[in-house]
Colleague: 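Can you read through this structure? Questions will come right after.
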Amino acid sequence: KYLDFQPGWDSFCFKCHLDNAVLSLACRNCKCSLHRHCARLLLTPIPKNPDDFICADCIEIEKIQQSSLNKYNHPKIDMYTLKEMLITILEKIRNTYPDRECYENEIHFKSAKESNQPLIVTQISLKTIEDRIMNNYYKVSEAFLHDLKQLEHNWTIIDKNKMKSLKNILKFVVTEINEMEACVYCYSNSFVISNWFTIPCKRPHLLIWAKLKGVCKKLFVVIIISKC
């Protein structure tokens, strides 16, 4: 059974970014579309009724929003702190990637097919993301990451030459979010305190002493384990 497209549903697969020749699933939350085999690659549960399908990202967002813990089983970051940290990550994107300027604004293209549906149905841009941060739209970091994936998806449809740039940005953001979620105190202190590594966090870390081989055979270092 292929998808009977409705207004607002994406006509390109969110995973492989190809068009709707054999699309059969559309997320009831974010309206992204997927091939069945692409959904399986993402380990997404596929219900018997396609109308009940929810994509992997939306499942994860709902799960974290309904929990008091994040993916590391640590207490979730409060909204005020999350807002400040996401502002910082967005600033780092703008300062680190000069080619991100084209992603600042939404893109509007008409479909090449005879259809009233635009080529890009879910508009997103860095400015849109910034507005959402300022308006406390993001309750969890997973929602912020999903919007950046949507940005990558949109531009891959329009210009595949942008794929490498966007994948680099996405990889950078994933790393930043993982560090933030592992310990928000370490992450926030690293921007304002030069010796942040030696300052105790509100949540204790497990410390492991490790001996390094090489020239400095008697040098010992402390490894911080964030998943304690």
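Side-chain atoms are counted along with the backbone in the values below, which use heavy atoms only and exclude waters and symmetry mates.
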Colleague: Looking at E104, is its backbone amide N or carbonyl O close enough to the side chain of S125 to form a donor-acceptor pair, meaning the two atoms are under 3.5 Å apart?
Modeller: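 Checked: pair present.
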Colleague: Taking side chain to side chain contact (heavy atoms under 4.5 Å, CB included) as the criterion, tell me which of L148, N168, L90 meets it with V173.
Modeller: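 For V173, the side chain to side chain contact (heavy atoms under 4.5 Å, CB included) check succeeds only for L148.
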Colleague: Could you go through the side-chain contact (heavy atoms from CB on, under 4.5 Å) check for K15 and H35 one step at a time?
Modeller: CA-CA 8 Å; K15 168 66 176 173; H35 302 108; over 6 Å; no
Colleague: Quick one, Y103 and I169 - any side-chain contact, counting heavy atoms below 4.5 Å?
Modeller: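 Yes - at least one pair of side-chain heavy atoms lies under 4.5 Å apart.
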Colleague: Could you tell me how the ring of F191 sits relative to the ring of Y187: parallel (under 30°), tilted (30 to 60°) or perpendicular (over 60°)?
Modeller: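 Judged by the thresholds at 30° and 60°, the geometry between F191 and Y187 is perpendicular.
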Colleague: Between I129 and Y138, is any pair of side-chain heavy atoms under 4.5 Å apart?
Modeller: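 Yes - at least one pair of side-chain heavy atoms lies under 4.5 Å apart.
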Colleague: Are I59 and L34 joined in one hydrophobic group, where the rule is that I, L, V, M, F, W and Y side chains link up if heavy atoms are under 4.5 Å apart?
Modeller: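 No; tracing contacts between hydrophobic side chains, which count when under 4.5 Å, never links both residues.
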Colleague: Using modelled atom types only, decide if a donor and an acceptor are shared between the side chain of N135 and the backbone of Y137 within a distance under 3.5 Å.
Modeller: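 Checked: no pair found.
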Colleague: In chain order, what residues pass the ring-ring contact (aromatic ring centres under 6.0 Å, His included) check against Y185, with sequence neighbours excluded?
Modeller: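 Not a single residue meets the ring-ring contact (aromatic ring centres under 6.0 Å, His included) criterion with Y185.
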Colleague: Checking I120 against F12 for the side-chain contact (heavy atoms from CB on, under 4.5 Å) test, could you report, in this order, the C-alpha distance in whole Å, the side-chain angles of both residues, the deciding distance, and whether it holds?
Modeller: CA-CA 9 Å; I120 303 299; F12 292 83; over 6 Å; no
Colleague: A side-chain contact here means heavy atoms from C-beta on lying under 4.5 Å apart; do R36 and L25 qualify?
Modeller: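 When only atoms from C-beta onward are counted, L25 and R36 do touch, with a gap below 4.5 Å.
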Colleague: Answer yes or no: are there more than 12 heavy-atom neighbours, outside K167 itself, under 6.0 Å from its atom NZ?
Modeller: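 No - once you tally the heavy atoms of other residues, nucleotides and ligands closer than 6.0 Å, there are 12 at most.
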Colleague: Counting heavy atoms not belonging to K160, are there more than 12 under 6.0 Å from its NZ?
Modeller: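 Enclosed: over 12 neighbouring heavy atoms sit under 6.0 Å from NZ of K160.
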Colleague: With distance as the sole test, does H74 use its side chain to make a donor-acceptor pair with the main-chain N or O of A182 at under 3.5 Å?
Modeller: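 Checking the backbone N and O of A182 against the side chain of H74, a donor-acceptor pair under 3.5 Å is found.
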Colleague: State, yes or no, whether a side-chain contact exists between Y72 and C183 at a heavy-atom distance under 4.5 Å.
Modeller: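 Sidechains of C183 and Y72: no contact.
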Colleague: Just so I know, are the side chains of T128 and Q123 near enough to count as touching, which here means a heavy-atom distance under 4.5 Å?
Modeller: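 Of all side-chain heavy-atom pairs linking Q123 with T128, none is under 4.5 Å.
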Colleague: Could you verify whether a donor N or O on one side chain and an acceptor N or O on the other, from N154 and Q150, lie under 3.5 Å apart?
Modeller: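 Short answer, yes.
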Colleague: Output side-chain donor-acceptor pairs under 3.5 Å for residues 139-146, partner residues at least two apart or in another chain, one line each.
Modeller:
{"from": "K139", "atom 1": "NZ", "to": "N136", "atom 2": "O", "distance (Å)": "3.2"}
{"from": "S141", "atom 1": "OG", "to": "E181", "atom 2": "OE2", "distance (Å)": "2.5"}
{"from": "H146", "atom 1": "ND1", "to": "D57", "atom 2": "OD2", "distance (Å)": "2.8"}

Colleague: Holding to ring-ring contact (aromatic ring centres under 6.0 Å, His included), I want the full list of residues that pass it with H17, two or more places apart in sequence or in another chain.
Modeller: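 Expected list: H153.
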Colleague: Report all side-chain donor-acceptor pairs from residues 80-87 shorter than 3.5 Å, counting only partners two or more places apart or in another chain.
Modeller:
{"from": "T81", "atom 1": "OG1", "to": "D78", "atom 2": "OD1", "distance (Å)": "3.1"}
{"from": "T81", "atom 1": "OG1", "to": "D78", "atom 2": "OD2", "distance (Å)": "2.7"}
{"from": "K83", "atom 1": "NZ", "to": "M134", "atom 2": "O", "distance (Å)": "3.3"}

Colleague: Could you walk me through whether E130 and R94 pass the salt bridge (charged side-chain N to carboxylate O under 4.0 Å, His left out) check?
Modeller: CA-CA 11 Å; E130 181 178 32; R94 286 170 166 161; 3.3 Å; yes
Colleague: Quick one: does any side-chain atom of S67 pair with a main-chain N or O of K63 as donor and acceptor, under 3.5 Å?
Modeller: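 Absent.
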Colleague: Of the non-hydrogen atoms in T122 and C30, which two are nearest, and what is the gap between them?
Modeller: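 What the structure gives for the nearest pair is OG1-O, 4.3 Å.
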Colleague: Using the side chain to side chain contact (heavy atoms under 4.5 Å, CB included) criterion, which residues pair with C102? Sequence neighbours excluded.
Modeller: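 In terms of side chain to side chain contact (heavy atoms under 4.5 Å, CB included), with neighbours along the sequence ignored, C102 is linked to W155, K162.
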Colleague: According to the ring pair (Phe, Tyr, Trp, His ring centres under 6.0 Å) rule, which pairs have a member within residues 158-183, sequence neighbours left out?
Modeller: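 Every pair satisfying ring pair (Phe, Tyr, Trp, His ring centres under 6.0 Å) with a residue in residues 158-183: Y97-F172.
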Colleague: Among side-chain atoms of S33 and D10, is any donor-acceptor pair under 3.5 angstrom?
Modeller: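 No pair is found: no donor N or O on one side chain lies under 3.5 Å from an acceptor on the other.
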Colleague: In sequence, state the C-alpha distance, the side-chain angles, and the governing distance for D147 and R132, and then conclude on side-chain contact (heavy atoms from CB on, under 4.5 Å).
Modeller: CA-CA 10 Å; D147 275 357; R132 289 182 174 184; 2.7 Å; yes
Colleague: Side-chain contact, heavy-atom cut-off 4.5 Å: M180 with I77?
Modeller: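 M180 vs I77: side chains touch.
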Colleague: Among the clusters formed by ILVMFWY side chains lying less than 4.5 Å apart, do L126 and I157 turn up in the same one?
Modeller: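 L126 clusters together with I157.
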